[in-house]
Amino acid sequence: MTDRLRLGVNIDHVATIRNARGGDHPDPLRAAQIAAAAGADGITAHLREDRRHITDDDIARLMGEIDLPLNLEMAATEEMLEIALRHRPHAACIVPEKREERTTEGGLDAAGMHDQLAAFVARLTAAGIRVSLFIEPDERQVEAALRLRAPVVEFHTGRFAHVDGDDRSAELKRIGDCAALAVKNGIEPHAGHGLTFANVVPVAAIPQLAELNIGHFLVGEAIFTGLEASIQRMRGLMDEAR
C-alpha cells in the first residue's frame, strides 16, 4: 500500500463554464490555486484539439503560476507533442480523443497503437516528462504499457462508475488485479473517471493505487458547496479508505 493516495484535481470544466459565456470568468488558474489550498496533490488539464475547455494560454499560465505538478492530458498527435515539449509539464497522460465525444469514452488501446505511441513515449520521456497511459483495467493493456516503457498507467474507471451490483464488484476486482500487475512490473497505477463521493471509497481502498484524478464531479459539486469544500470532502473520503 502507498503511504498516501494522491488526489489530482482536473480543472477542465471550470474552463467549460468560462467558455460558455466567453471572457475570463471563472478562471481555471484560480481554481487550481483553490485546489492546492484545499489539499490537492496535483492539477490535471486536458488540452483538446478543439480547445473546447482548456486553452493554450491556460496551460502557459498554469505552468508559470502554480506550484503543484501539472498533469497535461493530451492526444497522441504531433501538435500536442510539440506543446508538451515546449511547456514540459511534470506529467503527460496520453488519452484517446474523438472530436464528437462529450468526454473521454474509454481507455487508450495501447496494445493496438504500440508503433504510433512508442515515439511519443520516447520523446516525452527524453524531455523529462513523466508519461502516463490512460487505459482500461485490462491485462493486455498493462503489458503493452510495460513494452512501451511508460512509468505510469491511469485506469479508466468509467465502467465501474456506471454499473452496480455484481458488475460493479467484478469491475472493482479488475481494477485491483491490474493495479497489482502494474506494480509487479514497476509501473505506478493511477485511476480516474466518473468518481464521486458515493463511489470513490472502494477504488481508493485498492492498496496499489498511488493517485486518483477527479474533476467533473468536484466542479459540479462546487456549485452547491464551493470548490474548497468539495475537494476537502473528497480528500477526506480518500484518506478514510486508506
Side-chain angles (χ1 to χ4, degrees), residues 7-38 40-108 113 116-117 119-134 150-152 154 156 190 192-193 211 213-220 222 227 231:
L7 171 61
V9 174
N10 186 311
I11 58 169
D12 289 353
H13 296 295
V14 176
T16 299
I17 298 170
R18 175 196 62 192
N19 296 351
R21 285 284 295 267
D24 55 12
H25 181 77
D27 184 3
L29 175 61
R30 184 181 175 194
Q33 293 166 337
I34 292 171
D41 299 288
I43 299 299
T44 293
H46 184 175
L47 185 65
R48 283 181 171 267
E49 179 189 19
D50 61 9
R51 308 307 199 267
R52 70 177 68 169
H53 35 64
I54 294 295
T55 66
D56 300 70
D57 183 59
D58 291 329
I59 297 300
R61 293 174 67 222
L62 288 166
M63 285 295 301
E65 299 185 44
I66 63 168
D67 294 328
L68 290 182
L70 177 66
N71 175 34
L72 174 63
E73 290 187 339
M74 54 176 274
T77 67
E78 288 296 328
E79 179 194 21
M80 292 302 153
L81 178 62
E82 186 276 327
I83 290 169
L85 293 176
R86 178 166 14 109
H87 290 290
R88 300 200 177 193
H90 167 75
C93 183
I94 303 177
V95 301
E97 188 175 306
K98 299 177 184 175
R99 182 179 290 272
E100 68 276 10
E101 67 185 357
R102 291 187 179 182
T103 185
T104 305
E105 295 175 347
L108 189 74
M113 297 174 63
Q116 177 185 349
L117 293 173
F120 283 86
V121 173
R123 291 182 66 186
L124 290 166
T125 300
I129 301 168
R130 196 174 193 215
V131 180
S132 174
L133 302 179
F134 186 75
V152 179
E154 181 173 339
H156 176 239
H190 301 176
H193 201 87
E211 180 173 305
N213 284 295
I214 306 173
H216 180 266
F217 176 80
L218 293 175
V219 174
L227 185 58
I231 293 169

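All values below were derived from every heavy atom in this structure, side-chain atoms included, with hydrogens, water molecules and symmetry-related copies excluded. Here the structure is a predicted model, which means the values were calculated and not measured.
- Comment: R48 does not engage D50 in a salt bridge, judged by the lack of any side-chain N to carboxylate O separation of less than 4.0 angstrom.
- Looking at heavy atoms from C-beta onward, D41 lies out of side-chain contact with E211 at the 4.5 angstrom threshold.
- Within the structure, the ring pair (Phe, Tyr, Trp, His ring centres under 6.0 Å) test picks out the following pairs touching residues 53-87 (sequence neighbours left out): H13-H53.
- Rounding to the nearest 0.5 angstrom, the gap separating the OG1 atom in T44 from the CG atom in L70 is 7.5 Å.
- In this structure the side chain of N213 reaches within 4.5 angstrom of the side chain of E154, judged on heavy atoms.
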Trace of the side-chain contact (heavy atoms from CB on, under 4.5 Å) decision for V219 with T16 = CA-CA 10 Å; V219 174; T16 299; over 6 Å; no
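- Nearest heavy-atom pair, A127 versus L85, reported as atom, atom and distance to 0.1 Å: CB-CD2, 3.6 Å.
- Distance CD1/I66 to CG/L68: 5.5 Å, rounded to 0.5 Å.
- One distance of note links CG of L72 with CD1 of I43; it measures 13.0 Å at 0.5 Å rounding.
- A 4.5 Å side-chain heavy-atom check between L108 and L117 finds at least one atom pair inside the cut-off.
- Ring-plane geometry between H156 and F134 is classed as perpendicular, the angle between the planes exceeding 60 degrees on a 0 to 90 degree scale with a lower cut at 30.
- The shortest heavy-atom contact between I59 and A45 is CD1-CB, 4.1 Å.
- Across all non-hydrogen atoms, the minimal contact from M80 to A75 is CB-O, 3.5 Å.
- Contact annotation: the side chain of N71 never approaches that of P89 to less than 4.5 Å [non-hydrogen atoms, C-beta and beyond].
- Looking at every heavy atom in both residues, A32 comes nearest to L62 through CB-CD2, 3.7 Å.
- To the nearest 0.5 Å, the span separating NE2 on H216 from CG on N10 amounts to 10.5 Å.
- Using a 4.5 Å heavy-atom cutoff, the side chains of L124 and I94 are in contact.
- The closest side-chain heavy-atom distance from R123 to L81 is below 4.5 Å.
- The CG atom of L7 sits 6.5 Å away from atom CG of L218, with the distance rounded to the nearest 0.5 Å.
- With sequence neighbours excluded, the residues forming a side chain to side chain donor-acceptor pair (under 3.5 Å) with E82 are R86, listed by chain and number.
- Taking CG of D56 as the reference point, atom CD1 of I83 lies at 4.5 Å (rounded to 0.5 Å).
- Counting heavy atoms of neighbouring residues, nucleotides and ligands inside a 6.0 Å radius, atom CZ of R51 exceeds 12 of them.
- Pairs engaging residues 15-31 under the salt bridge (charged side-chain N to carboxylate O under 4.0 Å, His left out) rule: R18-D58, D27-R61 [sequence neighbours left out].
- Between M74 and A84, the shortest heavy-atom contact is SD-CB, 3.9 Å.
- The minimum heavy-atom distance linking I11 with P28 is given by the pair CD1-O, 3.5 Å.
- Put simply, the side chain of E73 does not reach to within 4.5 Å of the side chain of I54, judged on heavy atoms.
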